[in-house]
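In what follows, a single structure is set out as structure tokens and then discussed.
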Amino acid sequence: MTTYKFPHDFLWGAATAAYQVEGAWNEDGRGESIWDRFSHTPGNVSNGDTGDIACNHYHRWEEDIALMRQLGLKAYRFSTSWSRVLPTGRGRINPKGLDFYDRLVDRLCAANIEPLLTLYHWDLPQALQDEGGWDNRNTAYAFADYAALMVKRLGDRVKYWTTFNEPSVITYIGFITGEHAPGIKDRRMAYQVAHHLMLAHGLGIQTIRTIRPDVNVGIVLNLWPAEPASDSAEDLAAANKYWDETETLFLDPLFKGYYSSAMYDMVGKNTPKIQDGDMALIAQKLDYVGINFYSRNVFSAKGKLEKIEGSEYTEMGWEVCAPALRSMLVKINSEYNLPPIYITENGAAFHDEVSADGKVHDPRRIDYLKNHFIQTRLAMLDGVDVRGYMVWSLMDNFEWGHGFSRRFGLTYVDYDSQKRIIKDSGYWYMNVIQKNEIDE
Ligand code: FCB
């Protein structure tokens, strides 16, 4: 048996995002966001599901913090809803919205749970979308003002500030496939949006630092390593080409200060407008980078493989491949000058149900997490500076275009009664955190 011990200050936690858990979409003065508009439009979300109520966390937050305490979490990663605090995106403040996050943060601190705050997890105020959204450069300045508002109010207690969650999902799924809000399919717009997200990140970092130089600032990227189907040079070239064209879109500007030539070649006539000074803002030094990891892509010279023989798949149709996490961490660590890393999301959707004994037995999720924790520890032993791990998710929630049909939680949510039931994986995780080690 091998025991994998983690550093004593390793930050174990779990993550959620505002639109996925809060509900209360039109209560206490909250404004409409692009996800409200998108999910209220028939045909966009499976089963017609919406985040109108979701996990009702807006009203059940105290119970949810009690749940975090029971799990022994050391950290909680959540996002704030821009339209809850600034209903039309800028200008008029909604004090009740700010009070909600203030109470949440106070209670987390009292419970000794480190709050990790993400300012943007995809829910742009609809009023800003009506002015062009992320295609409009002004939205980046509105974002910086929103960041200022939040850090002035919460910066005395929140020490970890993330500007954006997964800019690549916003770009590719929001603006190329159109499967996420705002549901646009326009390649020109997509790459302009990508650049404006980066600009907003840079302006946000500058603003937060000016107001509170003592907090840690970062961004969260999701990375899907591109791996070759065989040892052949052709397959390797296909995998590398894909990585260079898609996964480096944000790594390069953030950590090298320029967009790669592979990106320019691929984007061609859709190259975004970039103004003088933008790249320096974007490449400001960060205190940490969050990495979200779920799976990998595999390529042969003929293209992406749809299915890998012998591999296990989750309910999302994503291949389970923990070793790809280690090799990706080692790769980015050698190719970029990175700040400390936090795994800000990792987890799996499996079919869960409440058994006759009232429990939720999810052995596959336990295996998934265990193997990914171990691969992370191995990457750390390879020299990668990983400081913490946020499991996606604290509880089952609204999984975007899939609605409530995909369950990622350590806790099961019965959406009719809003009852929370800790799954076996939650109890297992509790034990990992307590012992700070894993046996294999
Ligand atoms: C990530 C998102 C998160 C959740 C997981 C499954 O891309 O950041 O909100 O939906 O996928």
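Atoms within a ligand are numbered from 1 in the order they appear, just like the ligands themselves. As a basis for the values below, the full set of heavy atoms in this structure was taken, side chains included, without hydrogen atoms, waters or symmetry mates. The structure presented is a predicted model; accordingly, all values stated were derived computationally and were not measured.
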For ligand 1, is there an atom lying under 4.0 Å from some heavy atom of H121?
->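 Flag set, H121 near ligand 1.
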
If only side-chain N and O atoms count, and only distance matters, is there a donor-acceptor pair under 3.5 Å linking [Y] with [X]?
{"X": "Y336", "Y": "D252", "value": "yes"}
{"X": "D28", "Y": "Y58", "value": "yes"}
{"X": "T177", "Y": "E179", "value": "yes"}

Would you verify whether the NZ or CZ of R377 falls within 45 degrees of the ring axis of Y389 while also being under 6.0 Å from that six-membered ring's centre?
-> no

Give the residue, atom name and distance (to 0.1 Å) of the protein heavy atom nearest [atom].
{"atom": "atom 7 (O) of ligand 1", "answer": "E166 OE1, 2.5 Å"}
{"atom": "atom 5 (C) of ligand 1", "answer": "Y294 OH, 3.2 Å"}
{"atom": "atom 1 (C) of ligand 1", "answer": "E345 OE1, 3.1 Å"}

What atoms in ligand 1 come closer than 4.0 Å to a heavy atom of F408?
->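 Contacts of ligand 1 toward F408, numbered from 1: 6 (C).
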
With a cut-off of 4.0 Å, which atoms of ligand 1 are near a heavy atom of N165?
->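 Going through ligand 1 atom by atom, the ones under 4.0 Å from N165 are 8 (O).
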
Can you tell which of W35, Y19, F38 makes a ring pair (Phe, Tyr, Trp, His ring centres under 6.0 Å) with H180?
-> W35

Please say which of Y146, W161, W134 ends up in a ring pair (Phe, Tyr, Trp, His ring centres under 6.0 Å) with Y120.
-> W134

Within-cut-off N or O pair, W392 and ligand 1, under 3.5 Å | no

Should W400 be counted as touching ligand 1, given the test is an N or O pair under 3.5 Å?
->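 Yes, since at least one N or O of W400 sits under 3.5 Å from an N or O of ligand 1.
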
Taking heavy atoms and a distance under 4.0 Å, where does N222 meet ligand 1: side chain, backbone, both or neither?
-> neither

Should the proximity of E399 to ligand 1, defined as any heavy atom under 4.0 Å, be assigned to the side chain, the backbone, both, or neither?
-> side chain

Start with the C-alpha distance between N346 and Y368, add both sets of side-chain angles, then the distance that settles side-chain hydrogen bond (donor to acceptor under 3.5 Å, both in side chains), and finish with yes or no.
-> CA-CA 9 Å; N346 173 246; Y368 181 97; 3.2 Å; yes

